[in-house]
Amino acid sequence: MEERINIKEILNKYKGKKRELISLLQAIQDKYGYLPEESIRQLSRFLNVSENEVYGVATFYESFRLTPPGKHLITVCMGTACHVRGAPRVLEELQRELQIKEKETTKDGLFTLEIVNCVGACALGPIIIIDNQYYGQMTSQKARELLKKYREKERHGE
Ligand code: FES
């Protein structure tokens with residue numbers, strides 16, 4: 001069942017000023033993992049700005065998500081250091097294996113793929129992050145094996 005969206009608790013911590021919009025969006029995404037449609041409606045009323053304006057800001061920033069993420073979030077670092085060490089090949093492999101592109105979720109709802117620029121661990125690049133767990137010195141083969149591991153865990157209901 002879909003979680004009921006009520007951002008009152010979050011709104012209570014804010015004054016209702018337009019300049020708070022970005023940090024409110026961040027707080028909502030932290031809570032739900034994305035920005036549910038209903039939260040945008042409540043936010044627009046609270047700040048007295050149009051829903052269009054809220055959507056405009058939410059879509060302008062790469063980090064905001066308007067659809068629920070998959071069960072596992074895979075983030076590929078495409079910052080310069082990771083890039084020169086082969087991140088594009090890792091990304092290609094993940095896209096091929098998962099049959100999705102950046103910001104998309106697999107049909108089974110298991111994986112979402114995202115790209116970021118530098119996560120501050122350049123010496124270990126290429127880096128991918130799966131559910132907050134960092135994996136360094138990534139290669140396409142290692143990425144394939146990792147996916148296999150996660151898929152197997154899912155099959156066994158872990
Ligand atoms: S460029 Fe990937 S961690 Fe810095």
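Whatever order the structure lists ligands and atoms in, that order sets their numbers, starting from 1. Being a predicted model, the structure only gives us computed values, none of them experimental. Quick note: residue numbers are just sequence positions, from 1.
- A salt bridge links Glu114 to Arg65: one of the charged nitrogens lies within less than 4.0 Å of a carboxylate oxygen.
- Within ligand 1, the atoms closer than 4.0 Å to a non-hydrogen atom of Ala81 are 1 (S), numbered from 1 in the order shown.
- Salt-bridge formation is not detected for the pair Glu152/Lys149: no Lys NZ or Arg NE/NH1/NH2 atom is positioned less than 4.0 Å from an Asp or Glu carboxylate oxygen.
- Ligand 1 places these atoms under 4.0 Å from at least one heavy atom of Gly79: 1 (S).
- Protein heavy atom closest to atom 4 (Fe) of ligand 1, with residue, atom name and distance, is Cys122 SG, 2.3 Å.
- Heavy atoms of Ala121 come nearer than 4.0 angstrom to ligand 1 in at least one pair.
- Test Thr106, Leu91, Ile128 against Leu113 for side-chain contact (heavy atoms from CB on, under 4.5 Å) and you get one pass: Leu91.
- Close approach of ligand 1 to Val119 is summarised as follows: ligand atoms under 4.0 Å from at least one heavy atom of the residue are 3 (S).
- The nearest N, O or S atom of Cys82 is not closer to atom 4 (Fe) of ligand 1 than 2.8 Å.
- Between Arg96 and Glu93 there is a salt bridge, since at least one side-chain N of the basic residue sits less than 4.0 Å from a carboxylate O of the acidic one.
- Taking every heavy atom of Gly120 and a limit of under 4.0 angstrom, the matching atoms of ligand 1 come to 3 (S).
- Note on Lys71 versus Glu154: salt bridge recorded, some NZ/NE/NH1/NH2 to OD/OE distance being below 4.0 Å.
- Of the heavy atoms in Cys77, only side-chain atoms (C-beta onward) come closer than 4.0 Å to ligand 1.
- Placement of Leu98 and Ile130 within a single hydrophobic cluster is found when ILVMFWY residues are connected by side-chain heavy-atom separations under 4.5 Å, directly or transitively.
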